[in-house]
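Written below as structure tokens is the structure these notes are about.
What's counted below: heavy atoms across the whole structure, side chains too, no hydrogens, waters or symmetry copies.
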Amino acid sequence: LLLNMSNQDDHIKIFGLGADASVYANDGNDTLLVDARSTQGSFNTMNGTVIVWDGGNGDDEMETFLVSTGNTNLNITNDSNGANVANVHCPNVACTLLSRQNFLANIHVRDDPKSTTERVNIDDKASISSL
């Protein structure tokens, strides 16, 4: 899935994916909502997918809800202009979060090196003023 948005204030909501997606928001103050929670119980509606987000110029906001199951990646890239904010929400169960300079990961089974994870990756060109 490739979304090349307008130069206005765009609002993108993604609730499920069967393949990878790239979202280019271009100019404007854009928002991206990524919500993989299922109404059918503990199921990740984006399992195995990668979303690449480039908010372009402007003050952008990314909001994602972790599920604590499956493998999902949200890659924030090239979004170097404006005051950008990333809001990451944990599910009601206890999350094990690993935070580094360029990513935040929800590790589902701490003691298992093969555990599934949900990650928010931030490349060196992206500017996040609040996480």
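Interatomic distance, NE2 of His108 versus CG of Asn44, reported as 7.5 Å (0.5 Å rounding). Residue Asn75 holds its CG atom at 10.0 Å from CD1 of Ile122, rounded to the nearest 0.5 Å. With rounding to the nearest 0.5 angstrom, the CG atom of Asp27 is 4.5 Å from the CG atom of Asn57. Here the OG1-CG distance, from Thr64 to Leu33, works out to 8.0 Å after rounding to the nearest 0.5 Å.
The shortest heavy-atom contact between Ser38 and Phe43 is CB-O, 3.4 Å. Across all non-hydrogen atoms, the minimal contact from Val23 to Ile14 is CG2-CD1, 4.2 Å. The two residues Asn87 and Glu61 have their closest heavy-atom pair at ND2-OE2, 2.7 Å. Looking at every heavy atom in both residues, Leu97 comes nearest to Cys90 through CD1-SG, 3.7 Å. The heavy-atom pair separating Leu104 from Ser99 by the smallest distance is CD1-CB, 3.8 Å. The nearest pair of heavy atoms linking Leu17 to Met46 is N-CG, 3.6 Å.
The side chain to side chain contact (heavy atoms under 4.5 Å, CB included) test with Trp53 is passed by exactly one of Val34, Asp30, Val120: Asp30.
Between Ile51 and Asn73 there is no side-chain heavy-atom pair separated by less than 4.5 Å. At a threshold of 4.5 Å between non-hydrogen side-chain atoms, the residues Asp123 and Asn102 do not count as touching. In this structure, the side chains of Phe103 and Leu98 come closer than 4.5 Å at one or more pairs of heavy atoms. Between Leu74 and Leu32, the closest side-chain pair of non-hydrogen atoms falls below 4.5 Å. Using a 4.5 Å cut-off on side-chain heavy atoms (C-beta onward), Leu2 and Tyr24 make contact.
Counting only distance, with no hydrogens or angles, the side chain of Asn84 and the backbone of Asp59 share no donor-acceptor pair below 3.5 Å. The main-chain N or O of Thr31 is never found under 3.5 Å from a side-chain atom of His11 such that the two would form a donor-acceptor pair. No donor-acceptor pair closer than 3.5 Å links the side chain of Asp35 to the backbone N or O of Phe15. Checked by atom type and distance alone, the side chain of Asp54 pairs as donor or acceptor with a backbone atom of Gly56 at under 3.5 Å. The backbone N or O of Ser68 lies less than 3.5 Å from a partner atom in the side chain of Glu118, making a donor-acceptor pair. Checking side-chain atoms of Asn71 against main-chain N and O of Thr117 turns up a donor-acceptor pair under 3.5 Å. Looking at Asn29, its side chain never comes within 3.5 Å of a backbone N or O of Asp60 through a donor-acceptor pair. A distance-only check finds no donor-acceptor pair linking the side chain of Asn106 to the backbone of Leu66 [under 3.5 Å].
Side-chain polar atoms of Ser6 and Asn26 form no donor-acceptor pair below 3.5 angstrom.
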